[in-house]
J.: 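One structure follows; several queries about it will come next.
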Amino acid sequence: MAKTAELWTAARKRALPGPWGRREYLREGTAALLVAVLSGIISLADPMNPLGAIAVGLAAAALYLLRRGLPLTVLLLTAVGLGAFGGCIPILAAASWSAGYRMARAWALTAACASVLVLSTAVSLRYNLDGIPPRGLIGINLAVFLLFVVLPAVFGRYRAQRRTLLSTLQERNDQLLRERAMIAHQARLRERQRIAQDMHDSLGHQLALISVHTGALEVDRGLTDRQREAVAVLRQAAVTAMRELRETVGLLRDENTVGLAGSRGAAGTAGDTGAAGGVETIERLTDASRAAGTAVRVTRSGEIRPLAAATGHAAYRIVQEALTNAHKHAPSAPIEVALRYEPDALLVEVVNGASAATAPGPVVSGGQGLTGLRERARLLGGMVHSGPTPEGGFRLAGVLPYEGAGRPPADDPDLPEAPPPAPPVRRSPALGCAVVVGLACLAFLGLLGFGGYVLVEETDNATLDRDVYDAVQVGQPESAVKDKLPSGSDFLTSGYRQKGPDVPAGASCLWFSAEQRSDEPAGDYASRLCFRDGVLIEKVHYRA
């Protein structure tokens, strides 16, 4: 029972897809009632007895409610019903529109429409209750097919594609808004990263020099106790400032970690091109260190060549970081700064020797300087190496290529993932629908011309000339008489059979539309010729 209930629920949801609210109930119920009334009225005019018309109307209402969940099934059932009942035309138009709206594949929709034409024509030929000639019946089915199947299906497909296009454009717009917000957020993070980097490199270096100067003054024997105490306070203030600076820089870096996995390229290239200095300003750093009592020697080798702003600034930062670390960890140790212009890259090397003296106070280190240098060099396509020397000193070296400055490597794992591609925007279906509607209109016009030709031909076949009527005589053989008569048309002369004199017993008759005599009053006239036993036994001319 439970399985049966589940199957029933699934079938109900498939046939009547939701959601169903008060608005949907009102809309679908009103439309189904309207379709039922139209189908009943058309069935009564067909003509059909009232009970049959009510049955057709109820069936049309039920099919209308099922059209959303089962568009193909409803369309084919309606095509079968149309062959026997003309009252199925309203539900046929609704089912065609629903099939065009919900069947996304063009070939499936085309096959469904072709099946409607075949089924309706076959059923109408089988149940030709009005006696319409086959050619006329095929023409009528073609006209109904073009007007009530092709056009609604085309408009339904146009509406579905337009809705899809608008939905795609809305999704595209939402994605562009998200990307714009993300770019603005990343720009803010890059600026904060640049500020943190500049604070670390510039202010950290200056505070390190202050600490070195005050440490040297503190051990100077020429100072009085009060002066030495003031210098100690100054050194302590510098150390405290360095610690707070490291904490601030670390906070900025931590907050930028999530959003700046690959956004440091701009901070290390374009954002720094106008910063404090390049290789030409390295002498300022070494002069300040010498003024603090540290022996610093600068050597340059190779063919000096102009550098990109980002490359020169990265070299400046490497020297600045190395001098700062040497002042903090190895005060008074000699320092060697070497700039080597190799054929394909600039080699920056800073080596400090071992220091016999220890730092006058606790060393403040945030651990961010070398990380920032490696990031700068990597974004330029280079590298940074650091480590102790065999003599007990420390070496910091960077390789900065001349080419590719400011271009991160293609396989950079830290670069942000590219946003997913926007869904393709489909072209507007208006042109295609216009072409289809135009072709349908041309076909309909051609069908009207064909129908007019058939109607004229059927009229000629159903009309008996007065001279022929007068020429045939009672008692002539049936074959000789029929050779003179037109082929006739049961469709156009069916109304004549209920009027006129009674048909002779055992006779078979032919009815024709007769030409009117000049002395006869206006009206329709019919001619009837009856045969029995292969002989013309009666000919009658009467007003129909």
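Numbers here simply count residues along the sequence, with the first being 1.
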J.: When rounded to the nearest 0.5 angstrom, what distance separates NZ in Lys539 from CD in Gln473?
T.: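 Rounded to the nearest 0.5 Å, the NZ-CD separation comes to 4.5 Å.
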
J.: Tell me if a side-chain donor or acceptor on Ser98 pairs with a main-chain N or O of Arg67 at a distance below 3.5 Å.
T.: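 Answer holds: yes.
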
J.: List the atom of Gly381, the atom of Pro401, and the distance in Å for their closest heavy-atom pair.
T.: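 For Gly381 versus Pro401, the nearest heavy atoms are O-CG, 3.3 Å.
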
J.: With Ser527 as reference, evaluate Val468, Leu464, Leu485 under the side-chain contact (heavy atoms from CB on, under 4.5 Å) test and give the passing residue.
T.: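 Exactly one option meets the side-chain contact (heavy atoms from CB on, under 4.5 Å) with Ser527, and it is Leu464.
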
J.: Verify, without hydrogens or angle tests, whether Arg157 (side chain) and Gly100 (backbone) share a donor-acceptor contact under 3.5 angstrom.
T.: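 Yes, Arg157 side chain to Gly100 backbone: donor-acceptor pair under 3.5 Å.
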
J.: With rounding to the nearest 0.5 Å, note down the distance linking CD in Glu171 to CG in Leu176.
T.: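 Reported to 0.5 Å precision, the distance equals 12.0 Å.
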
J.: Identify whether NZ of Lys or CZ of Arg in Lys482 sits under 6.0 Å from the centre of the six-membered ring of Phe531 and within 45° of that ring's axis.
T.: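 So Lys482 does make the cation-pi contact.
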
J.: Is atom CZ of Arg102 surrounded by more than 12 heavy atoms (other residues, nucleotides or ligands) closer than 6.0 Å?
T.: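 Result for CZ/Arg102: enclosed.
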
J.: Go through Arg68 and Tyr101 one step at a time and tell me if the side chain to side chain donor-acceptor pair (under 3.5 Å) criterion holds.
T.: CA-CA 9 Å; Arg68 294 196 305 171; Tyr101 187 83; over 6 Å; no

J.: Taking the side chain as C-beta and beyond, is there a heavy-atom pair between Val116 and Leu75 under 4.5 Å?
T.: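 Counting from C-beta outward, Val116 and Leu75 do come under 4.5 Å.
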
J.: State plainly whether the residues Glu538 and Arg528 are in salt-bridge range, i.e. N to O under 4.0 Å.
T.: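 A salt bridge links Glu538 with Arg528.
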
J.: Would Arg22 count as a cation-pi partner of Tyr25, with NZ or CZ less than 6.0 Å from the six-membered ring centre and within 45° of the ring normal?
T.: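 Pair Arg22/Tyr25 does not count as cation-pi.
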
